[in-house]
A.B. asks: 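Could you have a look at this structure, given as structure tokens, before my questions?
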Amino acid sequence: MASKLSTPISPYHHHHHSSDHRPLPPFTTPLQLPSKRRFTISCNSAKRESPPPPSAVAQEPKTPSLAEQLKPLSTTILSDQPNKTQLLSKPKSTWVNPTRPKPSVLSLQRHKRASPYAYNPQIKDLRQFAKKLNECDEYDCLAVIEDNPHSPTRENTLLVLNTLKPWKKALLYFNWVKSQNLFPMETIFYNVTMKCLRFGRQFQHIEELAFEMIEKGIDLDNITYSTIITCAKRCNLFDKAVEWFERMYKTGLMPDEVTYSAVLDVYAKLGKVEEVMSLYERGRASGWKPDPIAFSVLGKMFGEAGDYDGIRYVLQEMKSLGVQPNLVVYNTLLEAMGKAGKPGLARSLFEEMVDSGISPNEKTLTALIKIYGRARWAKDALDLWERMRLNNWPVDFILYNTLLSMCADLGLVEEAEKLFDDMKGSERRKPDSFSYTAMLNIYGSGGNVDKAMDLFKEMSEVGVPLNVMGCTCLIQCLGRAKRINDLVRVFESSLESGVKPDDRLCGCLLSVVSICEGEDANKVLSCLDKANPKLVAFVELLTGLEITNFEIVKDEFKTILSNTSIEARRPFCNCLIDICRNRNLDEKAHELLYLGTIYGLYPGLHTKTEEEWRLNVRSLSVGAAHTAFEEWMSSLAKIVQRQERLPALFSANTGAGTHKFSQGLGSAFALHVEKLKAPFRESEEKAGFFIATREDLVSWVRSKASSVMATV
DNA sequence: AGGCAGGGGG
């Protein structure tokens, strides 16, 4: 398919349009640059969006801030290279001249560990003591501490701090030892305590300890900084993480490779791909050899971005640096391949991993099963499942639930039921909300309302709460079966048991409204009113008897959309269009489609090349697709009237309907064009495409010029 | 004493 004809990007469809069976380029193929399309190492933009505030500028010229470090990239590395993307290929080549000093952004020397503890005969007692402190009531702590069988020497204290788990106890003990003034508190004591605080996600306390160190003149080393930075990261305080990295540069301490990859991860989690790549290249230019952990950070980042070229780049870099991927790297890259919509490449990467002698763990298998399920690759999914059994590969609870949802994706009802029964029969893997949601999804999408309702009853009997996702599955199923009274009952009891309706559930209710009439529609609307009264008010505005002008609709719709999560916006718009169409409010439907388009809900709806104009309706509902088709035809009529150039071919892409939810769009579209007597015919070669030639279309448009078109 | 990987719904 011509790449110019881009497919619509849909949050619901993003994992369905991939069906590559191409083998993974072997690990030994020559380096291929990631395309500029997905990420470009643009120094200008790194400068423009320089992540940290350049607070340290010019104070310490020898240790520039991160922003400063990123800024001179264009002059130090790119100056003699015409093509920016070459930056990615061989950063080393910039430094072939050994007389030029390498700029250094990181210390290649890892921190040397102090010698391991000498054998401590009191170790047993001390562990006992730590255990008691771990378990004691907060108010008894002091008594327990003073009951320490051994004096708190430097070594003893470290041992105890290392064994303390709850952060409150660790901090308490640390402060107590400090108050005893028995020996100077060195960096390591702070580091160990901070680690406990990080486990409890206590960033504030960590920061306080760090400031205390600065105040008392105790050195912060790379271990201190990396602990602070990763704690901030885990608490989602990314600005703090960057701030501390900046501070580190300011004081003149170079990050070592651990701190460096921790910071790479911070930028990666912020989605700052360009900054990550700049940092990565800076490190490489300084002679850094990234290790598997750094590569797993990069792989995860490209996976989150769905960037296949980036993933290939990571594989290629490892190859050219001679870094063998380990299990974690493989797991990360497998998942990334899934997110980039490359199930075939994930499969070959998995085989490569197994061939290289690495056994998959639960996470590997979870990733792969999920990928096959979403890609509807039933054979691969079942083969892998079989292999898991044959090889005795490890299975855990999450993998069980993933297998269940894979069955839901593939419509494997019997397999799911068997697995579900196995789980019920086992001691350690009783079905939880996830498992029930998967089953509700299976029965719901298979139209088996009675079994779905049985599960609903069972859940309250066994005490597994219905969550908002299970609720959505069930309501969708009841709506489709037009069992509106049951739907209302389920919805209300869910509210009572604490389910908080979200936008997806509202979208589901709205879609039920679109297929209902009269009293049924009102019942569902009153449910929706409890979750999203503004949406109901908007439906009334659209469908009420009062004449509403376009500007009001526009403003109200904009308000609704901006209060709706991104993934639910298009479904909302689709359903609202359907509601209008089903009530003969075609004009309102056209307004909504127009608004949806200008608010960016339908990117790639129209694609044009010299030869072909295409309407992509795969992410549209039936009513929205009809509306979009009519809109297209009326604009073509105008073009014909003005006698402007037209391509030889016109096509509409409805999708082949292989996905369980998108079935019916093609046939509904076929009926619609038939009704209009439009000359679109279903393509024989390409499933899911309707084709018309210029000649046929022009003569049809002319013949209709006064009637249908005038009304649209 | 410090860095990386897994489950959900149009």
Side-chain angles (χ1 to χ4, degrees), chain A residues 10-13 16 110-111 113-114 158 161-162 186-196 198 221-231 233 255-266 268 291-301 303 326-336 338 360-370 373 396-406 408-409 432-438 440-441 444-445 467-476 502-505 507-508 510-511 567-568 570-572 574-575 619 621 659-662:
Chain A
S10 150
Y12 296 131
H13 292 225
H16 297 141
R110 278 276 285 275
H111 198 279
R113 287 264 160 97
L158 276 179
L161 275 176
N162 260 322
E186 307 155 34
T187 305
I188 187 170
F189 290 92
Y190 284 87
N191 290 349
V192 176
T193 310
M194 282 184 181
K195 192 184 153 198
C196 297
R198 188 186 63 176
D221 61 14
N222 259 293
I223 296 174
T224 323
Y225 281 110
S226 62
T227 310
I228 298 171
I229 288 165
T230 52
C231 179
K233 187 177 72 188
D256 65 13
E257 58 179 343
V258 172
T259 313
Y260 208 70
S261 62
V263 169
L264 281 181
D265 196 35
V266 169
D291 62 8
I293 293 181
F295 284 120
S296 119
V297 167
L298 295 187
K300 171 115 187 179
M301 173 183 76
N326 62 15
L327 180 61
V328 175
V329 171
Y330 273 117
N331 287 352
T332 313
L333 291 175
L334 279 172
E335 219 201 319
N361 67 3
E362 296 90 333
K363 294 180 168 91
T364 324
L365 299 166
T366 300
L368 214 52
I369 287 289
K370 192 172 115 184
D396 66 4
F397 191 59
I398 290 181
L399 181 48
Y400 260 91
N401 278 341
T402 307
L403 285 165
L404 269 187
S405 18
M406 177 268 285
D409 283 332
D432 68 353
S433 296
F434 277 71
S435 329
Y436 274 97
T437 301
L440 285 171
N441 193 8
S445 50
N467 59 25
V468 64
M469 302 173 212
C471 182
T472 307
C473 291
L474 192 51
I475 281 187
Q476 183 190 328
D502 60 10
D503 291 338
R504 293 213 193 190
L505 177 50
C508 174
L510 199 61
S511 77
E567 82 275 5
R570 184 169 54 217
F572 274 25
N574 280 339
C575 290
S619 66
S621 59
H659 185 248
K660 63 184 172 189
F661 298 120
S662 69

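First the proteins, then the strands, lettered A, B, ... as listed; each starts at 1.
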A.B. asks: Return the set of residues passing side-chain contact (heavy atoms from CB on, under 4.5 Å) with F397(A) (not counting sequence neighbours), or none when no residue passes.
C.D. replies: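 Only N401(A), M423(A), R429(A), D432(A), S435(A) meet the side-chain contact (heavy atoms from CB on, under 4.5 Å) criterion with F397(A).
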A.B. asks: Identify which nucleotide among dG6(B), dG2(B), dG3(B) has an atom closest to any side-chain atom of N222(A), counting heavy atoms from C-beta outward.
C.D. replies: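 Comparing dG6(B), dG2(B), dG3(B) against the side chain of N222(A), the answer is dG2(B).
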A.B. asks: Strictly distance-based, threshold 3.5 Å: is any side-chain N or O of N574(A) a donor or acceptor partner for the main-chain N or O of S619(A)?
C.D. replies: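 Indeed, once roles are kept as given, a pair shorter than 3.5 Å links the two residues.
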A.B. asks: Nearest-Å distance, CG (L399(A)) to P (dA5(B))?
C.D. replies: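 Answer to the nearest Å: 19 Å.
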A.B. asks: What integer distance in Å separates I229(A):CD1 from dG2(B):P?
C.D. replies: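 Whole-Å distance recorded here is 15 Å.
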A.B. asks: Quick one: the side chain of N467(A) and the base of dG8(B), do they pair up donor-acceptor inside 3.5 Å?
C.D. replies: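 Checked by distance alone, the answer is yes.
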A.B. asks: Heavy atoms under 4.0 Å, any strand shown: does T402(A) hit a base, just sugar-phosphate, or nothing?
C.D. replies: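 T402(A): backbone/sugar contact only, no base atoms under 4.0 Å.
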A.B. asks: On a plain distance test, is the side chain of D256(A) in donor-acceptor contact with the base of dG2(B) below 3.5 Å?
C.D. replies: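 Checked by distance alone, the answer is yes.
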A.B. asks: Distance criterion of 3.5 Å, no angle test: do you see the side chain of D221(A) paired donor-to-acceptor with the base of dG2(B)?
C.D. replies: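 Result: no qualifying N/O pair found.
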A.B. asks: Expressed as a whole number of angstroms, how long is the span from R504(A):CZ to dG9(B):C1'?
C.D. replies: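 Nearest whole value for this atom pair: 5 Å.
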A.B. asks: With respect to the side chain of C473(A), which nucleotide from dG3(B), dG9(B), dA1(B) is positioned closest?
C.D. replies: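 The closest nucleotide is dG9(B).
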A.B. asks: Sub-3.5 Å donor-acceptor pair from the side chain of D265(A) to the main-chain atoms of A268(A), do we have one?
C.D. replies: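 Side chain of D265(A) to backbone of A268(A), a donor-acceptor pair under 3.5 Å: no, none is there.
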A.B. asks: Using a heavy-atom cut-off of 4.0 Å across all strands, would you classify I228(A) as base, sugar-phosphate, or nothing?
C.D. replies: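 No contact at all - I228(A) keeps every heavy atom at 4.0 Å or more from the nucleic acid.
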A.B. asks: Measure CG/D502(A) against C1'/dG10(B) and give the value in whole Å, please.
C.D. replies: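 In whole Å, dG10(B) C1' and D502(A) CG are 12 Å from each other.
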A.B. asks: Figure out the CD/C1' separation between Q476(A) and dG8(B), and round it to whole Å.
C.D. replies: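 That distance rounds to 13 Å.
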A.B. asks: Is it the case that the base of dG8(B) and the side chain of N441(A) share a donor-acceptor contact (distance under 3.5 Å, atom types as modelled)?
C.D. replies: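 Result: no qualifying N/O pair found.
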A.B. asks: Confirm from the modelled atom types if T259(A) and dG3(B) form a donor-acceptor pair under 3.5 Å, side chain to base only.
C.D. replies: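 Donor-acceptor pair under 3.5 Å: no.
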A.B. asks: Using modelled atom types only, decide if a donor and an acceptor are shared between the side chain of N191(A) and the backbone of I223(A) within a distance under 3.5 Å.
C.D. replies: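 Not at all, since once roles are kept as given, no pair shorter than 3.5 Å links the two residues.
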A.B. asks: Mind checking what makes salt bridge (Lys or Arg N to Asp or Glu O under 4.0 Å) contact with K363(A), not counting sequence neighbours?
C.D. replies: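 Per chain and number, K363(A) pairs via salt bridge (Lys or Arg N to Asp or Glu O under 4.0 Å) with no residue.
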A.B. asks: Nearest whole Å is fine: how far is dG2(B) P from E186(A) CD?
C.D. replies: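 Rounded to whole Å, this separation is 17 Å.
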A.B. asks: Considering only side-chain heavy atoms of I398(A), which listed nucleotide, dA5(B), dG6(B), dG9(B), is closest?
C.D. replies: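 Looking only at heavy atoms from C-beta outward on I398(A), the closest nucleotide is dG6(B).
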A.B. asks: Please tell me which of the listed nucleotides, dG2(B), dA1(B), dG9(B), lies nearest to the side chain of V258(A)?
C.D. replies: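 It is dG2(B).
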A.B. asks: Ignoring hydrogens and angles, does a donor from either the side chain of T437(A) or the base of dG9(B) sit under 3.5 Å from an acceptor on the other?
C.D. replies: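 No.
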A.B. asks: Measure from the side-chain N and O atoms of D291(A) to the backbone N and O of A294(A), and report whether any donor-acceptor pair falls under 3.5 Å.
C.D. replies: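 Checking the backbone N and O of A294(A) against the side chain of D291(A), a donor-acceptor pair under 3.5 Å is found.
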A.B. asks: Please state how far atom OH in Y260(A) lies from atom C1' in dG3(B), giving the value in whole angstrom units.
C.D. replies: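 For the pair Y260(A) OH and dG3(B) C1', the rounded distance is 14 Å.
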A.B. asks: So which nucleotide from dA1(B), dG3(B), dG9(B) ends up closest to the side chain of N191(A)?
C.D. replies: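 From the listed options, dA1(B) comes nearest.
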A.B. asks: Given the structure, check if the side chain of T227(A) and the base of dG2(B) hold any donor-acceptor pair shorter than 3.5 Å.
C.D. replies: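 Per atom types, no contact qualifies.
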A.B. asks: What's the closest nucleotide to the side chain of S226(A) if the choices are dG8(B), dG3(B), dG2(B)?
C.D. replies: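 Looking only at side-chain atoms, S226(A) lies closest to dG2(B).
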A.B. asks: Can a donor-acceptor pair under 3.5 Å be found between the side-chain atoms of N361(A) and the base atoms of dA5(B)?
C.D. replies: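 When only heavy-atom distances are counted, N361(A) does reach the base of dA5(B) through a donor-acceptor pair under 3.5 Å.
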A.B. asks: Rounded to the nearest Å, what distance is computed from the NZ atom of residue K300(A) to the C1' atom of nucleotide dG3(B)?
C.D. replies: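 That distance rounds to 14 Å.
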A.B. asks: By nearest atom, which of the nucleotides dG9(B), dG2(B), dA1(B) is closest to the T472(A) side chain?
C.D. replies: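 So the nucleotide nearest the side chain must be dG9(B).
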